[in-house]
Amino acid sequence: MKVRTRFAPSPTGYMHIGNLRTALYAWLFAKKNKGDFILRIEDTDRNRLVDNACDIIYNTLRDTGLSYSEGPDVGGDYGPYIQSERKSIYGKYAKILVEKGAAYYCFCTKERLDALREEAAKEGKVFKYDKHCLKLSKEEVQAKLDAGEEYVIRQNIPLEGESSYFDNVYGEIKVPMSDMEDNILLKSDGWPTYNMANVIDDHLMEITHVIRGIEYLSSTPKYNLLYDALGWERPSYVHLPPVMKDKTKKLSKRNGDASYEDLINKGYLKEAIINYIALLGWNPGGEREIFSLEELAEVFSLEGLSKSSAIFDIEKLTWMNGEYIRALSKEDFITRASRFTDWGTDDPVKIEKIAGLIQPRIETLTQIDEKIAFLREMAAFDAELYSNKKNKTTPENSIPLIESAIEALSDIPEEGFVNDNLYQALIDVAEKNEVKNGKVLWPVRIAITGLSVTPGGATEIAELLGRKETLKRLEASLDNLKRFVSED
RNA sequence: GGCUCCUUGGUCAAGUGGUCAAGACACCGCCCUCUCACGGCGGUUACAGGAGUUCGAAUCUCCUAGGAGUCACCA
C-alpha cells in the first residue's frame, strides 16, 4: 500500500516550530517511502477563524520545500481538503455511527451539564457524562428531533474493558474504557469535533500513517473505537513529543516564542531551520549533523524519533545557521543578505568585497549592518584602543608609526590600492622601523576604523575604504592621537 | 486528583547487561593569525533517587521524586 501522510493544522495564523517539525516529519516519512504528503486544514471551530491563516500555512510549507501533492490550494482526488467544505460528510457518518450504536443523540442542556460538573467538583470527582440520553428510546429521540430540540451526537464508549494500540514512538498504549468519556462527535451547530473529523477524513483520504503531536496519544484509543465501529482499518500512529521553550513550558505563541516567520526575520536561513528542527527530537544515527532536506528524506526513519520532549536551543540553531551561511556561494549570500542590508553602497564590486569579509564572520543575516557600520562612518575616537600589550603599542608610540604608514600608503596609487600591495607596504614600514608587523598593523587598523574588533585586517579594510578615505581617516586619527597625547 | 507518557552533562543526543558512558552546541585553554571570525588541538560537566535481579547494570523489575500530555459543543 502506498504511504500517505498528512499535515492537518488548524488555521491559527501562526506556524510555530513544533508545528513545522510535525509537518517536516510527516513529509520526510512520505518521501522516504515514496509516498504522498497532503495538507488538510482543520477549521471546524467556527468561533476561532483567523483571517489569512491558511496563507501562512501554504507559504511556510512552500517556502521550506515541504511540498504537498494534495491540498486546499492544489486540489487532489480526495478533496475537499478544508474541513469546513466537508460538513455534509460528517453528518452522514455521524448518523451511521448512531445506527450502529457507537454514538447517540444527546439533548442535555448546558445547564444540566454544568450542574453535573459542579456536583462532581464538589465531591472532588472527575466529571464524566452520565450517558443520560443513551437511555432515550428511538421514539423519544425522534419526537425531540421532530420538535426541533437542539442536540449533539456523542460517542458511546463501552463501560468496561480497555482499548489499546501500538504507537510507533511510544509502543503499546492501553487506556481503560472507564477513563474515556462519551465525547461529543457532532456539535449542536452541526459541525463535527476533532474527535470525529480526524477519523473520517484520515480514512477517506486514505492516510496510512497518522503523524501528529503527543496531545492525541491518550485520546487515540477513542478514535480507534470509531474506526472499528465503521469497519475501517486503523492507521499506523506516530505521536511526537513536544518542542519546549524550557524544562516545563512548551514553545508557544502565547509566550511570544519564535515562529518560523520570526526566525526568518531574525536572519536565519530556511535550510538551517529545517535542518535544526529535524534533529530536535530525531537522530539520524552517525555523527553527521548537516543535512539538506533531500538528504534528510533519504535517511529518515521512525526509529530515530525520541520519546522525550526537546528544548529549542537557539544557540545551536545559530551555530548551524553560521555553517549554512559560510557554505553559501558568494552570489547566493549577497542575494539573501541584501534583504537585510544595503551594504552602504551601490557598487557591485565593493559589495562583493564586503561580502567576502562578512560572510565567514556572521551567524545570522541581521548581524551584517552592525558589522559594517564603521565603513559608513568611523567610530568615535578612543585612545585606549591604541594600547595593545601583545603588539606593545601605546597611543604615544603609535604616532610615528602611523605617520610612516601614511607616507608609505600615499605612495601607492589609486589603482594599486589593494590588499597585497597595502600589506607589503606596511610590512616594509615595520621592517624599516625595526618593529614587529603587528606594531604597525594594529594602530593602523584602529586608526581607520575606530574599533578594536573588525571584520578583516587593517589592509583588507583599507582596500575597502579606498585610498582617499583611508588616508583621510589616518590623518584624522593622527590628529586625535596627538591632541590626546599632548593633553595628557 | 484519575489516566497516559517521559527522565544520560546547561542544551540536542549515542548507548538496548560487560564502553575509562560517543558526538555536537555552549563554556574554558592552547595553536593558527594584520584584530575578530573561521580552522586545528585539548579541557570542565551526565546515567533523577532508592531497592532488587545478575558474576556484572545507563541498559531488566519495583518503588519514590520530578516533569509533560489529557480529562471542552478546541484542535
Side-chain angles (χ1 to χ4, degrees), chain A residues 8-10 12 42-45 47-48 106 110 113 117 124-128 150-154 167 169-171 173-176 178-181 183-195 197-198 212-221 239 241-242 244 246-250 276 279-283 285-289 304 306-320 322 326 357-363 371 385 388 390-391 419 422-423 426-427 430 436-442 444-446 449 451-462:
Chain A
S10 56
T12 62
E42 310 221 325
D43 61 345
T44 56
D45 185 349
N47 301 315
R48 298 204 308 186
C106 172
K110 190 174 182 305
L113 260 19
R117 239 182 279 269
K125 283 194 287 195
V126 180
F127 168 73
K128 206 179 142 190
E150 201 169 72
Y151 68 90
V152 298
I153 290 180
R154 286 179 183 275
D167 182 86
V169 173
Y170 292 96
I173 304 294
K174 292 181 198 156
V175 177
S178 58
D179 287 326
M180 297 188 246
E181 207 195 357
N183 286 306
I184 288 170
L185 261 23
L186 199 72
K187 299 182 270 187
S188 58
D189 63 4
W191 291 96
T193 58
Y194 179 86
N195 304 121
N198 91 86
R212 74 211 335 175
I214 195 173
E215 59 268 31
Y216 301 109
L217 185 75
S218 52
S219 48
T220 294
H239 286 100
M244 311 291 280
D246 56 40
K247 268 270 186 288
T248 61
K249 282 188 289 297
K250 231 200 317 194
Y276 174 69
L279 265 31
L280 232 207
W282 173 71
N283 187 288
E287 287 180 2
R288 204 207 322 178
E289 290 197 293
S306 173
K307 286 180 178 172
S308 47
S309 53
I311 297 174
F312 181 81
D313 181 16
I314 193 87
E315 297 268 355
K316 179 127 190 189
L317 201 213
T318 303
W319 163 77
M320 192 172 277
R326 289 191 287 276
L357 290 181
I358 288 298
Q359 190 175 355
R361 282 172 240 260
I362 56 166
E363 293 188 303
K371 280 218 161 32
L385 299 181
N388 180 271
K390 192 184 162 202
N391 289 309
N419 187 43
L422 300 172
Y423 188 66
L426 293 185
I427 293 297
K436 288 194 168 173
N437 298 344
K439 198 160 180 177
V440 175
L441 294 164
W442 178 275
V444 167
R445 191 177 58 82
I446 301 298
T449 63
L451 298 172
S452 63
V453 173
T454 54
T459 58
E460 291 172 305
I461 290 168

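Throughout, a chain's letter reflects where its sequence line sits, starting with A, and its residues are numbered from 1. Only this structure's heavy atoms are used, side chains among them; waters, hydrogens and symmetry mates stay out.
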CA sep, side-chain torsions, deciding dist, call: H239(A), T220(A), side-chain contact (heavy atoms from CB on, under 4.5 Å): CA-CA 10 Å; H239(A) 286 100; T220(A) 294; 3.2 Å; yes

From CA spacing to verdict: side-chain contact (heavy atoms from CB on, under 4.5 Å), V444(A), T459(A): CA-CA 9 Å; V444(A) 167; T459(A) 58; over 6 Å; no

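The shortest distance between side-chain heavy atoms of D45(A) and W191(A) does not fall below 4.5 Å. Side-chain contact check for S308(A) versus P241(A): every heavy-atom pair is 4.5 Å or farther apart. Counting only heavy atoms from C-beta outward, the side chains of S218(A) and I173(A) never approach each other to under 4.5 Å. At a threshold of 4.5 Å between non-hydrogen side-chain atoms, the residues K187(A) and T193(A) count as touching.
Here C3(B) presents its P atom at 20 Å from NE2 of H239(A), a figure rounded to the nearest Å. Atom CG of D179(A) and atom P of U70(B) are 16 Å apart (whole Å). Nucleotide G15(B) holds its P atom 12 Å from the CD atom of E287(A), rounded to whole Å. Computed from coordinates, the D313(A) CG to U11(B) C1' distance equals 5 Å when rounded to whole Å. The distance between atom CD of E289(A) and atom P of U11(B), rounded to the nearest whole Å, is 17 Å. N195(A) places its CG atom 9 Å from the P atom of C73(B), with the value rounded to the nearest Å. Nucleotide C73(B) holds its C1' atom 10 Å from the NZ atom of K110(A), rounded to whole Å. In this structure, the CG atom of L317(A) is 19 Å from the P atom of A24(B), given to the nearest Å.
In terms of heavy atoms, P242(A) sits closest to I214(A) at CD-CG2, 3.9 Å. Across all their heavy atoms, E289(A) and M320(A) have their closest contact at O-CE, 3.8 Å. Considering all non-hydrogen atoms of both residues, G456(A) and R445(A) come closest at O-CD, 3.9 Å.
Remark: the separation of the P atoms in A24(B) and G39(B) is 12 Å, to the nearest Å. Remark: the separation of the P atoms in G23(B) and G43(B) is 10 Å, to the nearest Å. To the nearest whole angstrom, the two C1' atoms, one in A58(B) and one in A46(B), are 10 Å apart. One C1' atom belongs to G9(B), the other to G15(B), and the distance between them is 15 Å to the nearest Å. Spacing between A37(B) and C31(B) at atom C1', rounded to whole Å, works out to 15 Å. Separation of the C1' atoms belonging to G40(B) and U4(B) is 49 Å when rounded to the nearest angstrom. Using P as the reference atom, C55(B) and A13(B) are 36 Å apart when rounded to the nearest Å. For the C1' atoms, the distance from C28(B) to G10(B) is 14 Å, rounded to whole Å.
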Base-contact (B) and sugar-phosphate-only (S) positions in nucleotides 31-40 of chain B, heavy-atom cut-off under 4.0 Å, - elsewhere: --BBBBSSS-

Under 4.0 Å protein heavy-atom contacts per nucleotide of nucleotides 43-49 of chain B, with B for base, S for backbone only and - for none: -------

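Taking for each of I311(A) and R48(A) the nucleotide of RNA chain B with the nearest heavy atom, the 5'-most of the two is the partner of I311(A). Residue-to-nucleotide proximity on RNA chain B shows that, of Y170(A) and L279(A), the 5′-proximal contact is made by Y170(A).
Note that CG of N198(A) and OG1 of T44(A) are 10.0 Å apart. Values are rounded to the nearest 0.5 Å.
Across all strands shown, G9(B) forms no Watson-Crick or G-U wobble pair with both key distances under 3.5 Å. Applying the Watson-Crick and G-U wobble criteria (two distances, each under 3.5 Å), C36(B) pairs with nothing in any strand. Nucleotide C73(B): unpaired (no Watson-Crick or G-U wobble partner with both distances less than 3.5 Å). Pairing of A68(B), defined by two Watson-Crick or G-U wobble distances under 3.5 Å, is identified with U4(B). If you check U61(B) for Watson-Crick or wobble pairing at under 3.5 angstrom, you find it paired to A51(B). Pairing of G29(B), defined by two Watson-Crick or G-U wobble distances under 3.5 Å, is identified with C41(B). With a cut-off of 3.5 Å on both Watson-Crick or G-U wobble distances, the partner of A22(B) is given as none.
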Set out, line by line, the N/O atom pairs under 3.5 Å between protein and nucleotides 65-69 of chain B.
residue : atom : partner : partner atom : Å
A68(B)  : OP1  : T248(A) : O            : 3.3

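Aromatic ring orientation, Y276(A) versus F312(A): perpendicular (interplanar angle above 60°, classes split at 30° and 60°).
Within 4.0 Å of T44(A), counting heavy atoms only, lie sugar-phosphate atoms of the nucleic acid but no base atom. Using a 4.0 Å heavy-atom cutoff across all strands shown, I184(A) reaches at least one base atom of the nucleic acid. Within 4.0 Å (heavy atoms only), S188(A) reaches at least one base atom of the nucleic acid.
Using a distance-only test at 3.5 Å, with no hydrogens or angles considered, a donor-acceptor pair links the side chain of W442(A) to the main chain of L385(A).
Between A72(B) and K128(A), no contact under 4.0 Å exists linking OP1 or OP2 to a side-chain N or O.
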